[in-house]
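The next block holds one structure in the form of structure tokens; read it before the comments.
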There are 2 protein chains.
Amino acid sequence: MQEQVSISTAEDNADSTTLASRTFDSIKADIISGQLAQGSKIVESDLALQYGISRGPLREAIHRLEQMKLIIRVPHAGSRVVTLDTRMMEDIYTAREALEGMAARLAARLMPDDEIAALSALLDQHEAAIGETDGKAYFQREGDIDFHYRIAVASGNRWILENLNGELYQLIRMARHQSGQYPARAPTALAQHRQIAAAIAARDEELAEILMRRHISGAWQIVKQILEEQHD
Amino acid sequence: MQEQVSISTAEDNADSTTLASRTFDSIKADIISGQLAQGSKIVESDLALQYGISRGPLREAIHRLEQMKLIIRVPHAGSRVVTLDTRMMEDIYTAREALEGMAARLAARLMPDDEIAALSALLDQHEAAIGETDGKAYFQREGDIDFHYRIAVASGNRWILENLNGELYQLIRMARHQSGQYPARAPTALAQHRQIAAAIAARDEELAEILMRRHISGAWQIVKQILEEQHD
DNA sequence: CCTGCATAAATTGTCAACAATCTGATTGGT
DNA sequence: ACCAATCAGATTGTTGACAATTTATGCAGG
């Protein structure tokens, strides 16, 4: 078999150098895609067998997933896949608002002109994609996260980038994949992305931060509503 | 009466339930205090011997320290204690500014009245301490971080709290312990803390965030200056 | 004297067995 | 019938040996 899902997170350590690392990627993908259900118990021996490795590297993978908050572990008792409740998602979106707001500010200060042009081109692509698929593909294909990712990179702040890309985005992806697809607010999102890009191009740090925060805050309101409806 | 420092980290896994966890705490302390020098190589077998445990739990401890960015690890090659350069510290302070700014905003919205009173009392304590020791003790004793910690708690946002307390503060502590003690800007810091506390008491979210950001940004300017002087 | 390759030493990655701890059910008492 | 203590089963924590990989060493050739 071995064909695994491998949805990929932008950086593909598909055949990474170490067993633990590959297993980590596999389990991560399985959690995000929902093949490992939320709240389900993780039994080391079972998973080790399932992935065809020994418990050593598997434990390492689990520990990394714990730090990433995809798994919750209690000493001597075992670990479970995290359960995404409304409270946790709110914390995540709030943290994201603070971090990405700052990232947008820094991007407005530091992003090279050619990258700004590329960012604009990316949005053109998105617009075309929205036209073709009636907007559905925008979030499913994660073009949304793609935009945010570029700004995080442009911020030049490694800490912010690593935390957004390595943790927060993963959890948001997980929520998207599982709580059904999100509504077609693609045109709205695109328009806001354009505003943000414009502020960055104008080197207006203050505005870039404000717009980004408003954008994320608005996204949370939508997500929150969906979560609450589903919880009935 | 328990008065010891112990201010921080809240959870004392002094005699934690698992070997790996205790070792993790030990190594962390050794790195922060400088007993394990920056950039020094970490050899698993050596450390295992030194701490009197086998390589298994030690590896787990190292992995956790890696996630905390106190150690840098490259597959098959080994790990070294992180080297705090100016660039990294700037990233950390910038991220902290974003996160704590948000935390202050949330605290202004959510902090219970009695906790606000306690916060004010804490600042009185600090003022007394400054009077006694001429300000030196303020940063050495980490009363500073204590104040910030309380606000992070009051934010009610677990993600922000865990990242500040579990990662950013640790790195800042490390920088303090090693690059010599910081200057006596204690009175300034205290005054700013009072302003922030007042904004929270007044439930002025906007002001609380702005003041906190200015406070941290100012702190960075001082630290940056010291780092650059030392680097000559 | 320097460069490059082959070999050896050191170090990390992986494995399977053993010990410690927790969970759940069973049994006995009230 | 209900609660508590005890015991068995399952699961995690720990260990030491083995395999794979990298880094250092030394030798031959230019």
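By convention in this document, chain letters (A, B, ...) are assigned in the order of the sequence lines, proteins followed by strands, and residues within each chain are numbered from 1.
Within the nucleic acid shown, Gly56(B) comes within 4.0 Å of at least one base atom, counting heavy atoms only. Here Leu58(B) lies out of heavy-atom contact (under 4.0 Å) with every strand.
Of the candidates dT12(C), dT12(D), dC15(C), the closest approach to any side-chain atom of Lys41(A) belongs to dT12(D). Side-chain proximity of Ile53(A) to dT23(D), dC15(C), dT23(C): nearest is dC15(C). Checked against dG13(C), dT15(D), dT12(D), the side chain of Arg55(A) finds its nearest nucleotide in dT12(D). Counting only heavy atoms from C-beta on, Pro57(A) has its side chain closest to dT14(C) among dT14(C), dG13(D), dT14(D).
Put simply, CG on Leu19(B) is 11 Å from C1' on dT15(D), counting in whole angstrom units. Between Glu60(A) atom CD and dT14(C) atom P there is a gap of 7 Å when expressed in whole angstrom units. Note: CD (Glu44(B)) to C1' (dT21(D)) measures 13 Å, nearest angstrom. The nearest whole Å value for the distance from the OH atom in Tyr51(B) to the P atom in dT15(D) is 15 Å.
Taking only side-chain nitrogens and oxygens, Arg59(B) comes nearer than 4.0 Å to OP1 or OP2 of dG13(C). Contact annotation: Thr17(A) side-chain N/O to dT21(D) OP1/OP2 distance is not under 4.0 Å. OP1 or OP2 of dG13(C) has at least one side-chain nitrogen or oxygen of Arg73(B) nearer than 4.0 Å. The side chain of Ser45(B) contributes no N or O atom lying less than 4.0 Å from OP1 or OP2 of dA10(C).
Side chain of Gln38(B) to backbone of Leu84(B): a donor-acceptor contact under 3.5 angstrom is found. Between the Asn163(A) side chain and the Trp159(A) main chain, a donor and an acceptor come within less than 3.5 Å of each other.
Atom CD of Gln178(B) sits about 9.5 Å away from atom CD1 of Ile31(B), to the nearest 0.5 Å.
With no hydrogens or angles considered, a side-chain donor-acceptor pair links Asp30(A) and Tyr51(A) at under 3.5 Å.
Taking the ring centroids of His126(B) and His193(B), they lie at or beyond the 6.0 Å cut-off.
Comparing Gly52(A) and His76(A), the nucleotide of DNA chain C nearest to each residue sits closer to the 5' end for Gly52(A).
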